[in-house]
Engineer: 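Just passing along the structure, written as structure tokens.
Proteins come first, then strands; the chains are lettered A, B, ... in the order of their sequence lines, and each starts at number 1.
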Amino acid sequence: MTRLSSYLLPTVKEAPTDAEALSHKLLVRAGLARQLGTGMWTYLPAGWRVHRKVEQVIREEIDAIGGLELLMPVLQPAELWRTTGRYDIDELFKLKDRKGADLVLGMTHEEPLTWHVAREVRSYRDLPLILYHFQTKERDEPRPRAGLLRTREFVMKDSYTFDRDAEGLEHGYQLHIRAYDRIFERCGLEWYRVESDVGMMGGLGAHEYMAPCAAGENEVALSGAGYAANVEVASAAAAAVEGLPEPLAAPETEATPGARTIEEVAGVLGVPTGALIKAMPVVSKARGPLLAVLRGDHRLNEIKLRNALGADARLAREEEIAELFGAPPGFIGPVGSRVPVVADEALHGLHGLVAGANRPDEHLRGVEPGRDFEAEWLDFRSVEAGDTCASGGTIRIEPAIEVGNIFKLGTRYSEPLGATYLDESGDEQLIWMGSYGIGPARILAAAVEQYADEQGISWPRAIAPFGTHLVALGGEGEPARAVADRLYDELTKGGAEVLYDDREVRPGEKFADADLLGCPLRLTVGKRGVEAGEIEAQVRRGGARSALPIDSAAHDARELWRELP
RNA sequence: CGGGGCGUGGCGCAGUCUGGUAGCGCACUCGGCUGGGGGCCGAGCGGUCGCUGGUUCAAAUCCAGUCGCCCCGACCA
């Protein structure tokens with residue numbers, strides 16, 4: 001029984017003024033969610049229905065690949081996290097019990113699950129396993145933001161595969177790709193599976209599932225030729241520089257007083273910014289100071305640089321620069337560099353370039369990599385719109401929200417936690433693991449972002465809080481009300497999920513609330529229609545209307561609903 | 001962690017600069033009119049102005065501290 005007169009759906013006309021993201025505004029306006037504190041959100045009844053629908057889609061698909069659902073606690077012994085070396089992560093909430101024992105609030109569940117598997121799995125006969133749960137994650141985020149998009153507490157579906165070797169892991173990984181593709185498809189999202197950084201999880205490979213939307217925190221590089229990657233790791237061929245200066249037999253010094261930025265130097269010397277060599281002082285614990293150089297119009301990507309170096313690296317701080325690199329920022333260059341040079345591949349084969357002279361207020365013209373300086377060649381620039389992917393497509397870049405990720409962990413956790421099995425020969429072997437996350441809240445928020453219009457939300461059918469929003473016009477005792485009551489019973493008995501607006505409020509308010517809430521099908525029963533023997537159906541997305549004869553309305557509405565997106 | 005901004009009935013805001021009886025709109029309650037896109041009229045309820053301390057005859061207003069919240073950046077399993 002879902003009659004709006006006795007339901008809690010507190011819609012509001014005005015969005016919170018401090019809300020920026022569309023999903024943030026609409027989830028509050030439509031009465032689906034409320035904020036409790038920074039990064040802390042309550043789902044109101046209709047919002048929680050959406051969350052549960054998303055969960056159910058996920059559950060069905062993970063079950064379909066053989067996943068076994070269980071439940072682990074959020075509260076965990078600190079010892080486990082010390083064992084895997086993750087206790088010092090800043091995002092990990094730490095606390096003590098009354099006896100002073102150290103505890104943590106789980107930000108994910110590799111530790112406890114691997115610990116269990118280490119105890120329960122003894123033989124190769126016990127493998128493979130896919131275990132998963134839906135559980136709250138707690139993360140002390142540096143900056144929660146955008147409503148439900150980045151919160152400190154959220155439910156995650158996390159599944160884990162346990163296999164005897166790399167081949168088994170690959171199989172479990174492929175099963176998850178299949179399940180995930182189906183999940184996002186069924187939820188009605190526009191989505192991409194992209195290559196991603198393995199990050200601090202460590203591991204052998206990773207993909208992210210991205211839902212493009214304006215409020216997205218990530219950027220994905222896409223091409224018509226099918227290339228899709230997070231810009232954190234994307235690679236592509238750079239567009240050529242227009243108007244590159246003629247080569248010189250040897251570099252020539254030019255006075256460039258006060259010209260510190262790429263734009264200033266390019267302006268003073270009358271060359272395109274792409275003709276400059278951008279020199280970025282970098283410090284690596286493993287490799288020492290390095291000078292990373294790339295095309296002046298390109299941006300250094302620290303993640304790609306670390307991956308390419310196979311070592312830690314960060315940009316040098318102001319005070320380190322003079323000491324380690326011997327020239328003021330803005331005038332540093334690879335020619336005669338004190339420290340080893342790593343060069344981005346997009347510089348390869350260029351000539352007539354401009355670089356800092358490693359002396360204040362001077363640059364060099366006519367620089368040619370390879371001739372004028374030696375370098376280790378790597379790929380560490382961020383790709384840009386207009387670049388060309390390996391298959392020849394032109395790259396475009398879109399903001400997107402990460403709705404899921406899959407990781408090949410390998411033995412990163414089985415080793416410290418001692419998760420092993422005995423193979424056919426009786427030899428002890430490490431279990432190979434993968435981990436796979438989905439945030440239902442992000443699916444929900446992404447769906448709002450992707451399909452909302454001026455009037456409000458437009459839910460995909462599979463995750464709408466209610467399939468049908470039945471609006472009764474006219475008060476208690478009027479004929480239209482009796483027709484609506486009857487239709488509500490018929491629809492409900494037929495298995496439809498119906499929100500029945502039986503409130504004593506004016507029609508305009510009912511329509512506005514229905515549009516805001518965004519159920520895929522709206523049925524309106526009013527005096528006009530009833531006199532004509534009809535009720536009115538309106539599809540939320542696109543607004544197509546049709547008249548259904550009263551006698552067959554319940555049946556017709558079900559048919560109509562089935563065809564909705 | 002750096003930068004910017006904001007805390008005043010349930011919600012959105014004005015008042016703060018220049019100290020002197022806390023106000024507006026919405027929502028809510030009651031009555032009436034109305035009834036297919038957030039309607040109208042009337043009468044009401046509701047606020048120790050985030051908190052603590054200070055200055056003053058007097059503090060929402062000035063000063064100090066503190067807590068909370070938002071945005072940008074850094075960061076982000």
Engineer: Residues in side chain to side chain contact (heavy atoms under 4.5 Å, CB included) with Q455(A), at least two apart?
Structural biologist: D453(A), D515(A), R540(A)
Engineer: Quick one, give me the B/S/- string for nucleotides 33-47 of chain B, reading 5' to 3', where B means a protein heavy atom under 4.0 Å from the base and S means that only happens at the primed atoms, P, OP1 or OP2.
Structural biologist: -BBBBBB--------
Engineer: Any chance you could lay out the side chain to side chain donor-acceptor pair (under 3.5 Å) test for E208(A) and N405(A), step after step, and finish with the verdict?
Structural biologist: CA-CA 4 Å; E208(A) 288 165 340; N405(A) 58 45; 5.9 Å; no
Engineer: Could you tell me how far C26(B) sits from C41(B) if I compare only their P atoms? Round to whole Å.
Structural biologist: 9 Å
Engineer: Tell me whether the guanidinium CZ or amine NZ of R541(A) lies under 6.0 angstrom from the six-membered ring centre of Y451(A) and within 45° of its axis.
Structural biologist: yes
Engineer: So what's C6(B) paired with, Watson-Crick or G-U wobble, going by both distances under 3.5 Å?
Structural biologist: G68(B)
Engineer: Taking CD1 from I303(A) and C1' from C75(B), how many angstroms apart are they, rounded to a whole number?
Structural biologist: 11 Å
Engineer: Taking it one step at a time, do L95(A) and L75(A) satisfy side chain to side chain contact (heavy atoms under 4.5 Å, CB included)?
Structural biologist: CA-CA 10 Å; L95(A) 66 161; L75(A) 190 63; 4.3 Å; yes
Engineer: If the threshold is 4.0 Å, N to carboxylate O, is there a salt bridge linking R152(A) and E138(A)?
Structural biologist: no
Engineer: Atom CD of E91(A) to atom P of C1(B): distance rounded to whole Å?
Structural biologist: 13 Å
Engineer: Between R86(A) (CZ) and C76(B) (C1'), how many Å, whole number?
Structural biologist: 14 Å
Engineer: Which value, in whole Å, describes the distance between the C1' atoms of nucleotides A59(B) and G19(B)?
Structural biologist: 6 Å
Engineer: Taking the C1' atom in each of C76(B) and C17(B), what is the distance between them to the nearest angstrom?
Structural biologist: 41 Å
Engineer: What's the gap between A22(B) and G46(B) when it is taken at their P atoms, as a whole Å value?
Structural biologist: 16 Å
Engineer: Does F134(A) have K157(A) sitting over its ring (NZ/CZ under 6.0 Å from centre, angle to axis within 45°)?
Structural biologist: no
Engineer: Can you list the residues that meet the side chain to side chain contact (heavy atoms under 4.5 Å, CB included) rule with R82(A), with sequence neighbours excluded?
Structural biologist: A78(A), E79(A), Y87(A), D102(A)
Engineer: Distance-only criterion, 3.5 Å: show the donor-acceptor pairs between side-chain atoms of residues 521-533 of chain A and protein atoms not counting sequence neighbours.
Structural biologist:
residue: R522(A); atom: NE; partner: T524(A); partner atom: OG1; Å: 3.4
residue: R522(A); atom: NH2; partner: Q538(A); partner atom: OE1; Å: 3.0

Engineer: Between G7(B) and C30(B), how far apart are the C1' atoms? Round to whole Å, please.
Structural biologist: 34 Å
Engineer: Using atom C1' of each nucleotide, how far apart are C24(B) and U8(B) to the nearest Å?
Structural biologist: 12 Å
Engineer: Write down the distance between CD (E232(A)) and P (C75(B)), rounded to a whole number of angstrom.
Structural biologist: 10 Å
Engineer: Determine the Euclidean distance between corresponding P atoms of C11(B) and G47(B); express it in Å to zero decimal places.
Structural biologist: 14 Å
Engineer: Pairing check on A22(B): which nucleotide meets the Watson-Crick or G-U wobble criteria with it, both distances under 3.5 Å?
Structural biologist: none
Engineer: Indicate the ring-plane relationship of W41(A) and H24(A), choosing parallel, tilted or perpendicular according to the 30° and 60° boundaries.
Structural biologist: perpendicular
Engineer: Pairs under 3.5 angstrom only: tabulate donor-acceptor contacts from the side chains of residues 470-480 of chain A to other protein residues two or more places apart or in another chain.
Structural biologist:
residue: E478(A); atom: OE2; partner: G475(A); partner atom: N; Å: 3.4

Engineer: What distance, rounded to whole Å, do you find between the two C1' atoms, one in G53(B) and one in C70(B)?
Structural biologist: 27 Å
Engineer: Provide the Watson-Crick or G-U wobble partner of G42(B), both distances under 3.5 Å; none if there is no partner.
Structural biologist: C30(B)
Engineer: Encode nucleotides 68-74 of chain B as B, S and - characters from 5' to 3', where the letter depends on protein heavy atoms closer than 4.0 Å: B to the base, S only to sugar-phosphate, - to neither.
Structural biologist: -SSSBBB
Engineer: Nearest-Å distance, CG (D140(A)) to C1' (C1(B))?
Structural biologist: 13 Å
Engineer: Please name the nucleotide paired to A74(B) by Watson-Crick or G-U wobble geometry with both distances under 3.5 Å, or report none.
Structural biologist: none
Engineer: Over how many whole Å does the gap from E14(A) atom CD to A27(B) atom C1' extend?
Structural biologist: 11 Å
